[in-house]
Amino acid sequence: MQKLKRIAAMIGVIFLIGMYVVTLILGLTASPATQNMLMASIVCTVLIPVLLYAMMLIARVLGHSEDEPPAGNEEKKKSSSDEKKKINY
């Protein structure tokens, strides 16, 4: 699984660098059709990393492993251990 994550991260880095290079090239050219492509490239340069970050956050919350408790269950475990302490005393 770690190898897959590293490969996906490397593809993402290459993709982001490619978007930045395309944005730079389109910004330096002076063709009439370039303005729309430049604006689309700038929007994608900002929007795609934000969407990827949001997807990673959602995957972290939804995709927990069996040995790790899902987010939000820490309080339940603490309260159940507190109840056991109260019963034992």
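Starting from 1, each residue takes its place in the sequence as its number. Here the structure is a predicted model, which means the values were calculated and not measured.
Atom CD1 of residue Ile25 and atom CE of residue Met37 lie 11.5 Å apart, to the nearest 0.5 angstrom. Residue Arg6 holds its CZ atom at 6.5 Å from CD of Gln2, rounded to the nearest 0.5 Å. Here OH of Tyr20 is found 12.0 Å from CD1 of Ile42. Values are rounded to the nearest 0.5 Å. Remark: Ile11 CD1 to Leu16 CG distance equals 12.0 Å, nearest 0.5 Å.
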Check step by step if side chain to side chain contact (heavy atoms under 4.5 Å, CB included) holds for Leu57 and Val61. CA-CA 6 Å; Leu57 286 177; Val61 170; 5.8 Å; no
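Note: the hydrophobic cluster containing Val13 also contains Val21 (ILVMFWY, side chain heavy atoms under 4.5 Å, direct or indirect links).
Heavy atoms only, all atoms of each residue included: Cys44 and Pro49 are closest at O-CD, 3.7 Å. Of all heavy-atom pairs between Met19 and Thr45, the closest is CE-CA, 3.9 Å.
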